[in-house]
Amino acid sequence: MKSYSIKNLEQYFKQYKKSVQNPEKFWNKIAEENFVWYQKWNKVLAYDMTEASIKWFLNAKLNITKNCIDRHLSKRGNKTAIIFEPNNPNEPAQHITYLDLYERVCKLSNVLKEQGIRKGDRVCIYLPMIPELAISVLACARIGAIHSVVFAGFSASALTTRINDSDCKMVITSDGGFRGDKTIDLKTIVNNALDKCPCVEKVLVVKRTNTTVEMKPGRDFWLAPLMENALADHVAEIMDAEDPLFILYTSGSTGKPKGMMHTTGGYMVYTAYTFKNIFQYEENDVFWCTADIGWITGHSYIVYGPLLNGATTLMFEGIPSYPDFGRFWEVVEKHKVNQFYTAPTAIRALAKENVSYVEKHDLSSLKLLGTVGEPINEEAWHWYNDHIGKKNCPIVDTWWQTETGGILISPIPFVTPTKPTYATLPLPGIQPVLMDERRNEVEGNLSSGSLCIKFPWPSIARTIWGDHQRYKETYFKAFPGKYFTGDGALRDEVGYYRITGRVDDVIIVSGHNLGTAPIEDAINEHPAVAESAIVGFSHDVKGNALYGFVILKEEGESRVRENLSKEINQLISDHIGPIAKLDKIQFVSGLPKTRSGKIMRRILRKIAEGDFSNFGDISTLLNPEVVEEIKNGRIS
Ligand code: WT7
């Protein structure tokens with residue numbers, strides 16, 4: 001990786017200035033000097049923010065896996081590409097070299113082709129955090145199939161929706177998955193999901209837990225024997241820079257999940273560039289991002305970003321609390337991890353436990369720490385800094401989204417002075433703006449507003465799969481000509497950004513993005529429920545937890561209500577997944593509504609927080625009497 005590393009503040013400001021003055025020239029140079037292309041682009045960028053049409057590196061040809069794997073073989077063939085740390089600490093870790101990875105990806109590419117998958121077909125990947133997950137992603141990319149990874153914590157019905165939305169022809173899954181002391185029967189979930197997915201022709205099954213599973217003849221195949229018979233070489237498909245690379249679903253504030261579609265060239269350039277700079281990766285470092293590959297963080301900073309840089313990336317199958325709360329630190333010590341990247345919710349959960357879990361382990365390999373997924377509170381930041389970093393590792397608070405493909409606002413470690421709870425400065429190429437309620441740009445420092453990005457960057461999602469209109473309306477309509485993030489932010493006296501949270505109906509629970517509408521839809525399916533509204537409230541580990549206000553068709557007795565609460569949470573689990581379960585459910589006789597029938601969530605949010613001080617303007621409320629009732633019945 002040549003021209004693109006940032007080593008001091010002066011270089012940062014210089015690159016930033018160049019990237020804004022002439023973005024095309026800036027990205028042209030980075031793309032040219034750091035990647036292998038079959039054919040160069042004839043235009044760097046074409047865009048129309050009003051139409052939500054963005055294209056980078058037009059007519060360039062490449063295959064991202066040649067850049068992730070093949071080009072490293074001569075120098076790094078025997079270097080470890082992936083360290084696999086299993087759920088069970090007594091099971092040996094695996095070190096997969098770049099050469100092993102090449103062979104396994106080629107074999108799976110050949111298997112996919114033999115099973116009828118062609119360029120442009122969609123393949124759903126529903127796997128635990130085992131090497132086959134990364135290999136499946138890469139094999140799809142190698143043959144030009146579009147991968148759609150669905151986090152293996154999602155329910156059968158959530159899986160059905162995602163498979164059907166993008167018409168997946170194949171599912172890659174496993175018999176089961178290990179998670180702490182539990183075994184999850186993934187194949188059973190897939191079988192149930194596929195009852196309603198006529199588009200799926202084949203299912204490939206990895207053996208992981210040796211659970212007995214039901215295999216449908218002609219549809220389901222064990223992967224291992226197919227791999228054994230496959231050739232370990234494969235000529236990568238030639239892809240256009242704007243060919244889709246993957247679809248990844250994210251919750252919207254309304255309606256069904258949005259299949260964010262990312263394309264090949266721009267995504268490659270941006271994830272590689274940001275990985276190198278934000279994690280200051282050096283040749284023999286071991287990088288560990290604790291996310292699941294089912295989320296964008298895993299796509300960009302477990303698989304693509306690290307491999308594009310020829311890095312060693314660690315994949316962890318387990319959970320931070322198994323076999324005990326020292327597991328993360330044990331793994332850091334065992335594999336001498338240099339860069340550690342996790343979510344604030346994990347930090348908060350571990351900070352609650354005895355610090356001896358940390359102190360037992362030698363963490364001296366760590367050079368820097370990262371966080372992502374939600375705002376990090378001051379207390380968690382200091383615990384991370386004091387106990388994990390020993391006040392010696394910069395913390396990069398990285399702000400970005402599924403839609404942005406890569407990190408947009410973050411300190412560059414050893415370069416940008418950090419400030420707790422601040423994501424600090426935009427990366428080169430990123431032009432954030434704060435907008436006020438009248439849709440004007442807020443100028444100057446010491447200001448706040450809705451966070452928008454006013455110029456395209458290479459890894460922005462290009463569309464919502466099958467629904468460009470929704471893409472346009474969700475991201476480019478509120479502030480015409482700009483990409484609207486859905487987040488609020490403030491700028492301090494030196495221009496550092498602090499992300500304050502969502503300004504729409506998305507709630508971030510334990511770092512997971514949850515829309516209120518799909519949860520309400522699930523609750524409303526209960527025959528006893530008339531209407532419901534969900535809001536978030538602060539929670540010391542999850543960041544936010546969910547509070548549901550539910551109107552019943554008939555008022556029930558308290559025993560009946562208790563059962564109802566359980567049934568409601570079961571419905572949510574079935575429809576979305578356990579992550580969306582409600583912490584508190586209050587049965588109410590009505591919801592505060594405006595005369596136009598809109599629920600005043602602002603009031604519900606305040607009640608859920610236990611803040612009865614000032615509900616703001618309630619003159620448009622149709623039923624003010626209900627507020628008193630809800631206040632009195634609040635669950636604390
Ligand atoms: C939303 C995107 C992209 C990685 C995982 C989440 C929130 C993300 C931060 C941060 C404050 C953050 C935002 C954003 N968020 N990182 N460092 N500080 N908030 O991806 O599920 O698409 O969620 O996560 O609200 O909009 P996602």
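Quick note: numbers below take in every heavy atom, side chains included, and nothing from hydrogens, waters or symmetry partners. When a ligand or atom number is given, it counts from 1 through the structure's own listing order.
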Quiz prompt | Between Tyr249 and Asp165: side-chain donor-acceptor atoms closer than 3.5 Å | solution =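 Asp165 and Tyr249 do have a side-chain donor-acceptor pair below 3.5 Å.
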Have a look at ligand 1 and work out which part of [X], if any, has a heavy atom under 4.0 Å from it: side chain, backbone, both or neither.
X	answer
Ile508	side chain
Thr402	both
Gln401	both

Quiz item: Any idea how Phe287 and Tyr341 line up, ring-wise: parallel (<30°), tilted (30 to 60°), or perpendicular (>60°)?
Solution: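 Tilted, since the angle between the ring planes falls between 30° and 60°.
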Close N or O approach ([X], ligand 1; < 3.5 Å):
X	answer
Thr485	no
Ile296	no
Asp397	yes
Arg502	yes

Quiz prompt | Single hit among Val303, Thr313, Thr297 for side-chain contact (heavy atoms from CB on, under 4.5 Å) with Cys289 | solution =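 That would be Thr297; it is the only one of Val303, Thr313, Thr297 passing the side-chain contact (heavy atoms from CB on, under 4.5 Å) with Cys289.
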Exercise. Identify whether the distance between the nearest side-chain nitrogen and carboxylate oxygen of Asp505 and Arg605 falls below 4.0 Å.
Key: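 Looking at Arg605 together with Asp505, the answer is yes, because their closest N to O distance falls below 4.0 Å.
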Self-check item: Pair Asp285 + Lys367, salt bridge at N-O below 4.0 Å
Solution: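 Salt bridge between Asp285 and Lys367, a charged N being under 4.0 Å from a carboxylate O: yes.
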Quiz item: Does the separation of the ring centres of Phe316 and Phe84 fall below 6.0 angstrom?
Solution: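 No; Phe84 has its ring centre 6.0 Å or more from that of Phe316.
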Exercise. Would you check if the distance from the ring center of Trp399 to the ring center of Tyr497 is below 6.0 Å?
Key: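 No.
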Practice problem: Kindly say whether Asp574 contributes a backbone atom to a donor-acceptor pair with the side chain of Ser155 at under 3.5 angstrom? | Solution: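 Such a contact is found between Ser155 side chain and Asp574 backbone.
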State the atoms of ligand 1, each with its element, that fall below the 4.0 Å cut-off from a heavy-atom position in [X].
X	answer
Ile499	11 (C), 19 (N)
Thr297	4 (C), 5 (C)
Trp400	2 (C), 3 (C), 4 (C), 8 (C), 14 (C), 16 (N)
Thr398	9 (C), 10 (C), 16 (N), 17 (N)

Self-check item: Contact check, Gly486 vs ligand 1, heavy-atom distance below 4.0 Å
Solution: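 Contact absent.
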Quiz item: Looking only at heavy atoms of Trp295, does any of them come nearer than 4.0 Å to an atom of ligand 1?
Solution: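 Checking ligand 1 against Trp295, which is what was asked, there is no heavy-atom contact under 4.0 Å.
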Quiz prompt | Note, Val506 side chain near Leu514 side chain (heavy atom, < 4.5 Å) | solution =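 Not in contact.
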Nearest protein heavy atom with distance in Å, relative to [atom]:
atom	result
atom 7 (C) of ligand 1	Gly373 O, 3.3 Å
atom 23 (O) of ligand 1	Asn513 ND2, 3.0 Å
atom 14 (C) of ligand 1	Asp487 OD2, 3.1 Å
atom 11 (C) of ligand 1	Pro375 N, 3.1 Å

Exercise. Check each of Lys258, Glu403, Glu374 against atom 18 (N) of ligand 1 and report the one with the nearest heavy atom.
Key: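 The nearest heavy atom belongs to Glu374.
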Quiz item: Which one of Tyr270, Trp457, Phe35 satisfies the ring pair (Phe, Tyr, Trp, His ring centres under 6.0 Å) criterion with Trp27?
Solution: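 Going through Tyr270, Trp457, Phe35 one by one, the ring pair (Phe, Tyr, Trp, His ring centres under 6.0 Å) with Trp27 is satisfied by Tyr270 alone.
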Quiz item: Checking side chain to side chain donor-acceptor pair (under 3.5 Å) for the pair His468/Thr463: CA distance, chi angles, key distance, verdict?
Solution: CA-CA 6 Å; His468 194 69; Thr463 193; 2.7 Å; yes
